[in-house]
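Data block below; observations after.
Quick note: numbers below take in every heavy atom, side chains included, and nothing from hydrogens, waters or symmetry partners. Residue numbers begin at 1 in each chain, while the letters A, B, ... track the order of the sequences.
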There are 2 protein chains.
Amino acid sequence: MKEPNNTRARLLDITFEEIYKSGYNATAIGSILKRANIPKGSMYHFFDSKRSLVLAMIKERLYPKMDAFFDYTPKPDISIYKNFEQTFLMMSRHELMVMYGCPLHRLMVELSAVDVTFDALLLTKYEEMLAGVTTLLKEGVERGEFSRDLDPDSFARFLISSTWGVLSLSPTISSSGEFNKHTKYILTLLTTYKRTD
Amino acid sequence: MKEPNNTRARLLDITFEEIYKSGYNATAIGSILKRANIPKGSMYHFFDSKRSLVLAMIKERLYPKMDAFFDYTPKPDISIYKNFEQTFLMMSRHELMVMYGCPLHRLMVELSAVDVTFDALLLTKYEEMLAGVTTLLKEGVERGEFSRDLDPDSFARFLISSTWGVLSLSPTISSSGEFNKHTKYILTLLTTYKRTD
DNA sequence: ATGTCACTAGACCGTATGGTCTAATCAATA
DNA sequence: TATTGATTAGACCATACGGTCTAGTGACAT
């Protein structure tokens, strides 16, 4: 029996890395193939274009990674505030994230305005993240941890976009320390909505 | 007398627009020339490469525009808080900004990690902005408007990067309304540091 | 009138890139 | 052993792009 063919998998792995680091347009298909030691024929056997290779990479690598990383389920034994705190801590320890920013964001910025298919695909995940963060905040309000003045949806948008903002300055400016200060401000703002009565 | 030759100026104008909308790599030099109705020879008479054309555009168009737009001088008759509020209001009314984000940020994200010359040039302007916002916040602390707990430098970084973050989501997500909510959060956080004693 | 110099004009070139095509492998099955 | 179907291999092609080159053109100075 032929041993499991890992060409497609390796191709997706390396495509993820290259696109993450250099972006879509700046990454030549040839450089991916060279690094992966995979001939062109193989690639065009599995995918019919660079676009569909990257589309598959997004679905089969990027999204699973994000799903494994973020957990939007409110934990009964932990305050929602603490929950956010922990997630930010995890992010700050994720070297790639601090170094290259959020891969979803990078692709959105580069491709959303240009390609409808990418646009739709990437937006879906953004909305999923948004819904997740919103859920957590809603739960916080319902638990009475936060005041009803807190608008979960709009705060979630602020939280995500501002965090993408700092991360997008990497690697030029942003460092782990920079990110931690950012976290502090977000959490301070969140504290503003804590109920004290 | 020959009437003033505006070829170079027009070239820079259109280069600004095209690069702003599509980014550096995605903008072909040919498309700029076509739109401007300028032959290649003219362009290569004034500039020796695409890079130096864009470098000149940054210095002679982008930066002057930013200088004309932002004013970091603390006004004696207006509170620093009000000052920020007004600047955010101006930004929200700037359609291009809300639509395409901050051109400086876009170029930084695309080019900083790649090209040292761009990196240095763009970073300089970022640091200038940062210094400007920091100055305003420092003045606020010195006036006693804000508490000494406010760290001007780090808050300025947060303010800029988070604002770039929302703007970077345009045109897909961000709209004027979105931006206003962002402003609200930033100002709320700033209010946190207001001295009340 | 003529020469000069800044600028215009666009054909042309080399390279990089995405994508195609055909021939070889090779494991599984008949 | 022969056949088949999936996969590998890489030469090859078309195009787009940045950049070069040479020949004009026209205003101004002499």
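In the region residues 36-51 of chain A, proximity to DNA chain C at under 4.0 angstrom, judged on heavy atoms, holds for A:K40, A:Y44, A:S49, A:K50. DNA chain C is contacted by A:T27, A:A28, A:I29, A:G30 of residues 19-35 of chain A, taking any non-hydrogen atom closer than 4.0 Å.
Take A:T124 and apply the side-chain contact (heavy atoms from CB on, under 4.5 Å) test, not counting sequence neighbours, and it matches no residue. By the ring-ring contact (aromatic ring centres under 6.0 Å, His included) test, A:Y126 pairs with A:W164, sequence neighbours left out. Shown here are the side-chain contact (heavy atoms from CB on, under 4.5 Å) partners of B:T135, two or more places apart in sequence or in another chain: there are none. Every residue meeting the side-chain contact (heavy atoms from CB on, under 4.5 Å) condition with B:E127, not counting sequence neighbours, appears here in chain and number order: B:L123.
The side-chain heavy atoms of A:S154 and B:Y185, taken from C-beta on, include a pair separated by under 4.5 Å.
Ring centroid separation for the pair A:F146 and A:Y193 does not come in under the 6.0 Å cut-off.
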* To do: Report the C-alpha distance between B:S52 and B:S49 in whole Å, list the side-chain angles of each, state the deciding distance to 0.1 Å, and finish with yes or no for side-chain hydrogen bond (donor to acceptor under 3.5 Å, both in side chains).
  => CA-CA 5 Å; B:S52 50; B:S49 64; 3.2 Å; yes

* In sequence, state the C-alpha distance, the side-chain angles, and the governing distance for B:H182 and B:T163, and then conclude on side-chain hydrogen bond (donor to acceptor under 3.5 Å, both in side chains). => CA-CA 7 Å; B:H182 170 84; B:T163 302; 3.0 Å; yes

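OP1 and OP2 of C:dC7 both lie 4.0 Å or more from every side-chain N or O belonging to B:T7.
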